[in-house]
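Here is how names work: the chains are called A, B, and so on, in the same order as the sequence lines, proteins then strands, and each is numbered from 1. Because the structure is predicted, anything quoted here is derived from the model rather than measured.
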There are 2 protein chains.
Amino acid sequence: MKPSPEFVLQQLEPHTVRISTRKRQKLAISAESDETLYLIQTGVFLVRAAWRDDRHQILSLLYPGDCIRSSAIPPLDGTEIAAASENGEVWRLRWSIARGLFEGDPDLAHHVSDRLADQTARLALHNTIIAGLTGDERVAALMTEIALRVGKQTPAGIVFDMPLSRTDIAEHLALNADTVSRIVSRMRANGLIAVAGRNRLVCRSIEALAYECPIATTIRRMHETAPRRTLVA
Amino acid sequence: MKPSPEFVLQQLEPHTVRISTRKRQKLAISAESDETLYLIQTGVFLVRAAWRDDRHQILSLLYPGDCIRSSAIPPLDGTEIAAASENGEVWRLRWSIARGLFEGDPDLAHHVSDRLADQTARLALHNTIIAGLTGDERVAALMTEIALRVGKQTPAGIVFDMPLSRTDIAEHLALNADTVSRIVSRMRANGLIAVAGRNRLVCRSIEALAYECPIATTIRRMHETAPRRTLVA
DNA sequence: CACCCCTTTTGATCTCGATCAATGGTTTCG
DNA sequence: CGAAACCATTGATCGAGATCAAAAGGGGTG
């Protein structure tokens, strides 16, 4: 009988530093000599890079349950992990310590390894999205992902707080903020999403949203069944 | 005293199936129930996905020394690993077996884990390339990478066999094959690269090539020092 | 050698999204 | 409260690269 994933990672807790984050707070990405492992507990986080003058780029989104190891982030200028949600919680520990713990606990090692493989697959999927889809399809893909990850099912549809600004969305999808604004307006006009308050959106039908994006099937497969937390509440 | 990476992976050899590949030969990506780990020994390989009608896309390039685990590839339609070089060699083993071996050999586990993290970082870097660079810059980035990976230093510069066709390059860089052809012609005209036979190119100055690409520093850092093999010859 | 198939090259035109610009809304903070 | 930032929206214009089309290699095979 295998222990549940929640239980597996709970064992790391005594070795970690708990970090409560506020929106836009940054987490350090340490140098190779002292690699870091972050375990996302609550909230959405962004991996961001700057790559000339004042242009930024959001390489990936992190959700509760994700693990991120600093050597999985390329050594670009100005890379950082930043909180996108109002309140978040992350656990931090040194990779060298995690490695040691893995040796005594294969289940733990395998769980973290699987989470890191998920990250890799998501990055590859994101490549597909920005390389092969139109602007409208990209935004539909992102909305689907976020609705599945942070949304709550209600009678009116899936309600979720959008953790990304227009600029963030643009930086993640290789679009322009102006273009994103236009696309989102169009999605509202078409009834795909509706506004339900400050930064809060409703998606009446996830199927209708998925219909706008050619690879929605894959997105749903990867984000509907992922582990959502690393520690039981 | 740590064993060398080559020695570490050599221990896997008795548990693997050796595969000799010819150009365009495909490797199976098994379902989740029987996940596969491939160890690239010789040659360049492509991870390819098809995502509508007859459009393909090359998600990543694999070089000798790389490890690839099938769950790190997203469940898109028509994903496959294909040989890009004339002659290649890969070792295959079931992930469940690899997991078991990791438990008895932490160095092995750490080495594979590090290689997988490299893959992740490279995917993130590739996101940056296709999301933020112009067509010319993307091709310069790819040429730099391949020259560093498969090239040989000669008095005339770095000589390398280009494992990718124009179409492959286009599918990897989110460009059009026509556009790639134009860009490569321009690079030839500018003396950045020269033709030295069938599919063979010479890069006189890697510095000149790097100058064309804003993130060449990062590319060089990631591809110059990577392990090149998993087994001593 | 001639034929076929596939890749590459090059030209002409078109389009999606970037860029520039102006306006209004919202949060923050003295 | 009012000023300063920041964010979102919308219009007008522009351009990098896609698309379409046609020609030119370049090998393999009979």
Side-chain angles (χ1 to χ4, degrees), chain A residues 22-25 46 52-58 82 84 86 129-143 161-190 193-201 212 214, chain B residues 22-24 52-58 84 86 129-143 161-190 193-201 212-214:
Chain A
R22 314 207 51 180
K23 194 160 186 163
R24 281 156 209 256
Q25 185 176 333
L46 315 174
R52 53 181 150 186
D53 40 315
D54 58 347
R55 301 297 179 101
H56 293 257
Q57 180 168 151
I58 291 171
E86 290 300 343
I129 289 170
I130 59 182
L133 304 186
T134 66
D136 294 64
E137 292 165 344
R138 290 180 219 181
V139 175
L142 180 65
M143 290 291 180
D161 289 317
M162 184 65 192
L164 306 182
S165 72
R166 296 282 178 272
T167 306
D168 291 334
I169 298 174
E171 288 178 358
H172 187 48
L173 297 180
L175 291 171
N176 186 285
D178 308 58
T179 304
V180 171
S181 178
R182 271 180 258 268
I183 292 171
V184 173
S185 299
R186 219 177 297 149
M187 290 174 76
R188 255 189 288 124
N190 296 343
I193 53 170
V195 176
R198 173 105 190 105
N199 279 340
R200 176 161 296 181
L201 300 176
E212 301 293 313
Chain B
R22 314 208 51 181
K23 193 159 186 163
R24 280 157 210 256
R52 54 180 152 187
D53 40 313
D54 59 346
R55 302 296 180 102
H56 293 256
Q57 179 167 149
I58 291 171
E86 290 300 341
I129 289 170
I130 58 182
L133 304 187
T134 66
D136 295 63
E137 290 165 346
R138 290 180 219 181
V139 175
L142 180 65
M143 291 291 180
D161 288 318
M162 183 66 191
L164 306 181
S165 72
R166 296 283 179 271
T167 306
D168 291 335
I169 297 173
E171 288 178 357
H172 188 49
L173 298 180
L175 290 171
N176 186 286
D178 308 57
T179 304
V180 170
S181 178
R182 271 180 255 267
I183 292 171
V184 173
S185 299
R186 217 177 299 151
M187 289 173 76
R188 254 188 290 126
N190 295 344
I193 53 171
V195 177
R198 172 110 187 101
N199 280 339
R200 176 161 297 181
L201 300 176
E212 300 294 312
C213 172

Handout entry: side-chain contact (heavy atoms from CB on, under 4.5 Å) partner of L164(A), chosen from V180(A), L142(A), N199(A)
Key =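 So, applying the side-chain contact (heavy atoms from CB on, under 4.5 Å) to L164(A) and each of V180(A), L142(A), N199(A), only L142(A) qualifies.
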Output yes when at least one side-chain N/O atom of [X] is less than 4.0 Å from OP1 or OP2 of [N], else no.
X: T179(A); N: dA18(C); answer: yes
X: R182(B); N: dG17(D); answer: no
X: S181(A); N: dC7(D); answer: no
X: T167(A); N: dC7(D); answer: no

What integer distance in Å separates [X]:[atom1] from [N]:[atom2]?
X: L173(B); N: dG17(D); atom1: CG; atom2: C1'; result: 13 Å
X: R166(B); N: dA24(D); atom1: CZ; atom2: C1'; result: 15 Å
X: E137(A); N: dG17(C); atom1: CD; atom2: C1'; result: 14 Å
X: D136(B); N: dG15(D); atom1: CG; atom2: P; result: 17 Å
X: R138(A); N: dC16(C); atom1: CZ; atom2: P; result: 13 Å
X: L164(B); N: dC6(C); atom1: CG; atom2: C1'; result: 17 Å
X: M162(B); N: dT8(C); atom1: CE; atom2: P; result: 10 Å
X: I183(B); N: dT9(C); atom1: CD1; atom2: P; result: 12 Å

Below 3.5 Å is the cut-off: list the nitrogen or oxygen pairs between protein and nucleotides 23-30 of chain C, distance only.
residue	atom	partner	partner atom	Å
dT27(C)	OP1	R198(A)	NE	2.7

Nearest-neighbour nucleotide for the [X] side chain, [options] considered:
X: L175(A); options: dT19(D), dG17(C), dG17(D); answer: dG17(C)
X: R188(A); options: dT9(D), dA12(D), dT9(C); answer: dT9(D)
X: N176(A); options: dA18(C), dT9(C), dA18(D); answer: dA18(C)
X: D178(B); options: dC7(D), dT19(D), dT8(C); answer: dT19(D)

Minimum side-chain heavy-atom gap [X]-[Y] below 4.5 Å:
X: T167(B); Y: H56(B); result: no
X: L133(B); Y: L173(B); result: no
X: M162(A); Y: I169(A); result: yes

Determine the minimum heavy-atom distance between [X] and [Y], stating which atoms define it.
X: H172(A); Y: I130(A); value: O-CG2, 4.0 Å
X: Q57(A); Y: A131(B); value: OE1-CB, 3.6 Å
X: R200(B); Y: D161(B); value: NE-OD1, 2.8 Å

Practice task
Classify the nucleic acid contact of A170(B) as base, sugar-phosphate or nothing, counting any heavy atom under 4.0 Å across all strands shown.
Solution key: nothing
